[in-house]
Chemist: 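Please read through the structure below; I'll follow up with questions.
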Protein chains: 2
Amino acid sequence: MAQTDTVTRILDTAEVLFAERGFAETSLRNITSKAKVNLAAVNYHFGSKKALIQAVFARYLDPFTERFHTALDELESEYVDRPIPLEVLLESMARTVLEVPAERNSLKVFMRLLGLAYTQAQGHLRRFIQAHYGSVFTRFAELVRRATPDLPDAERFWRLHFMLGTVIFTLSGLDALRDIAEKDYGEHVSVRDLIRRLRPVVVAGMNAPLPEPAKTVS
Amino acid sequence: MAQTDTVTRILDTAEVLFAERGFAETSLRNITSKAKVNLAAVNYHFGSKKALIQAVFARYLDPFTERFHTALDELESEYVDRPIPLEVLLESMARTVLEVPAERNSLKVFMRLLGLAYTQAQGHLRRFIQAHYGSVFTRFAELVRRATPDLPDAERFWRLHFMLGTVIFTLSGLDALRDIAEKDYGEHVSVRDLIRRLRPVVVAGMNAPLPEPAKTVS
DNA sequence: TCTGATTATAAACGGCTGTTTAAAACATAG
DNA sequence: CTATGTTTTAAACAGCCGTTTATAATCAGA
């Protein structure tokens, strides 16, 4: 079963290097040499570098979406005919995000990859993620809509992305920030610790008063 | 004065391409051909690609820091012996961020560049920005400290970065989000509009209740 | 054990990268 | 006009890129 071994060794190495340097800055030769695998193996097993990038994400997002759907199923069967509270929804999502990579001790990598998916060019990646995993986000957004009935649709849309930005930005840039925090406050900060700090901020942000209406010509 | 012309034409083109595709994905040949300038001009006028990247940032950040220092000076002379309210501080920063690129109609580019500075590898860039512009952020953070005396230092540190993440992430990924928003809500969203929406969320996030203390062994 | 498919390997492909060189063009001050 | 310093230009440099090819090794089933 040398095949599986090669494939997973490529994936394991690629995700670390991608997370550290980004996609364009990581060459196939970087990956294959560190993984002690022949250069051509990537194109043989995955077809192309783009497909490898997508495979790296699929390995996280497939179990994530499956579990998150299950978690939402359970919540929906618990809260019948009444909206699931926002805090419960956020809690459920946070737990699922933590659960999946925890089994491989790669939470940091996963977070960094999520950040890269948003910020690196890689149009094919966004299309891939949207096509394969867009539905679970749509479902989540609909539940958030029911949990915050007083929020105008557009406002909720933007606030959800504000909060997504907060979380992904923070957790994906964690290493840099952690260095500063430890130097300034001598305090070691774990990811779980950060999520504990993030929760009240996110909830307060979602529940913030509505902005004053845009000024128009009077 | 062909020199200045070449230099600014390189900067103008480079900042747009960097903002669109990122640093590694933009080659000097992309830049020089689009700018109608000889390839060697970049190395002649700037020395290297890294130096060009830094020059692109300096052209925004030099006037920004100068004006922001001035704005903070004015606030400090207005609020003597009493803390400047958080809202006022945030308002002042937002106005300065908007002011600088407005003169060249390049707000989108500036925001995108800020996002890239955080998320792209480019260690030299972070070091450059920290070394040249770190002091204004330090000053701002100190004023925020006085404005939020009840917040523990570590908590305030993290929340500032949470909010920084929200703003930069949103504004730098604006184009992608705007497409979705317009499709779903038919509503055109300007940057000023987004900042109007961001303000109450950021303020509420900074003023959120403290998180429950980390659980320890009982 | 032999066969046929799967996987691993080394080598080469064309193309693009940032940078350097040396010569040409230009501007400016004496 | 001439000499000097600055800027532009075309060409070449070595090096890395993703991908492909042809060959070798390995494996599974009959």
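The structure displayed is predicted, hence computed values, not measured ones. Numbers restart at 1 for each chain; the letters A, B, ... are given by sequence-line order, proteins then strands.
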Chemist: Does A/H45 place a side-chain N or O at less than 4.0 Å from the phosphate oxygens OP1/OP2 of C/dA8?
Modeler: yes
Chemist: Sequence neighbours left out, what pairs pass salt bridge (Lys or Arg N to Asp or Glu O under 4.0 Å) with at least one residue falling in residues 14-31 of chain A?
Modeler: A/E15-A/R59, A/E15-A/R104
Chemist: Just jot down the salt bridge (charged side-chain N to carboxylate O under 4.0 Å, His left out) partners of B/D153, sequence neighbours excluded, or say none.
Modeler: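 Once residues adjacent in sequence are excluded, the partners of B/D153 under the salt bridge (charged side-chain N to carboxylate O under 4.0 Å, His left out) criterion are B/R156.
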Chemist: Quick one: ring-ring contact (aromatic ring centres under 6.0 Å, His included) partners of B/F57, sequence neighbours excluded?
Modeler: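 B/F57 satisfies ring-ring contact (aromatic ring centres under 6.0 Å, His included) with no residue once adjacent residues are dropped.
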Chemist: Just to verify, what does A/F46 make a ring-ring contact (aromatic ring centres under 6.0 Å, His included) with, not counting sequence neighbours?
Modeler: none
Chemist: Could you tell me how far apart B/I10 (CD1) and C/dT19 (C1') are, to the nearest whole angstrom?
Modeler: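 Rounding to the nearest Å, CD1 of B/I10 and C1' of C/dT19 are 14 Å apart.
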Chemist: Could you tell me the separation between the CG atom of A/D5 and the C1' atom of C/dA8, rounded to a whole number of Å?
Modeler: 13 Å
Chemist: Give the rounded distance in Å between these two atoms: CG of B/L17 and P of C/dG18.
Modeler: 12 Å
Chemist: Going by atom types only, do A/D73 and A/T70 share a side-chain donor-acceptor pair under 3.5 Å?
Modeler: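 A/D73 vs A/T70: no donor-acceptor pair found between side chains.
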Chemist: Considering just the side-chain nitrogens and oxygens of B/N38, establish if one lies under 4.0 Å of OP1 or OP2 belonging to D/dT7.
Modeler: no
Chemist: Within this structure, what is the OH-to-C1' distance between B/Y44 and C/dA22, rounded to whole angstrom?
Modeler: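 From B/Y44 OH to C/dA22 C1': 14 Å.
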Chemist: What side-chain donor-acceptor pairs closer than 3.5 Å can you find for residues 35-43 of chain A, not counting sequence neighbours?
Modeler:
| unit_1 | atom_1 | unit_2 | atom_2 | d |
| --- | --- | --- | --- | --- |
| A/N38 | OD1 | A/A40 | N | 2.9 |

Chemist: Tell me every residue that passes side-chain contact (heavy atoms from CB on, under 4.5 Å) with B/S33, counting only those two or more places apart in sequence or in another chain.
Modeler: none
Chemist: So which nucleotide from D/dT8, C/dT7, D/dA12 ends up closest to the side chain of B/T6?
Modeler: D/dT8
Chemist: Output all residues satisfying ring-ring contact (aromatic ring centres under 6.0 Å, His included) with B/F110, sequence neighbours left out; order by chain, then residue number.
Modeler: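 Listed in chain order: B/Y60.
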Chemist: Using heavy atoms and a sub-4.0 Å distance, could you list which residues of residues 48-58 of chain A are near DNA chain C? By number, please.
Modeler: none
Chemist: Looking only at the side chain of B/A40 (C-beta and beyond, no hydrogens), which of the listed nucleotides C/dT20, C/dT9, D/dT6 gets closest?
Modeler: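 Out of C/dT20, C/dT9, D/dT6, the nucleotide with an atom closest to B/A40's side chain is C/dT20.
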Chemist: Using a cut-off of strictly less than 4.0 Å between a heavy atom of the residue and any atom of DNA chain C, enumerate the qualifying residues of residues 19-34 of chain B by number.
Modeler: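 By residue number: B/T26, B/S27, B/L28, B/R29.
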Chemist: Starting at CG of B/N43 and ending at C1' of C/dG18, how long is that distance when rounded to a whole Å?
Modeler: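 Taking CG of B/N43 and C1' of C/dG18, I get 7 Å after rounding.
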Chemist: Taking the six-membered ring for Trp, is the centroid-to-centroid distance between B/F68 and B/F140 below 6.0 Å?
Modeler: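 Yes, ring centres under 6.0 Å apart.
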Chemist: Give the rounded distance in Å between these two atoms: CG of A/L39 and C1' of C/dA8.
Modeler: 12 Å
Chemist: Whole-Å distance between D/dT9 C1' and B/K36 NZ?
Modeler: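 Rounding to the nearest Å, NZ of B/K36 and C1' of D/dT9 are 17 Å apart.
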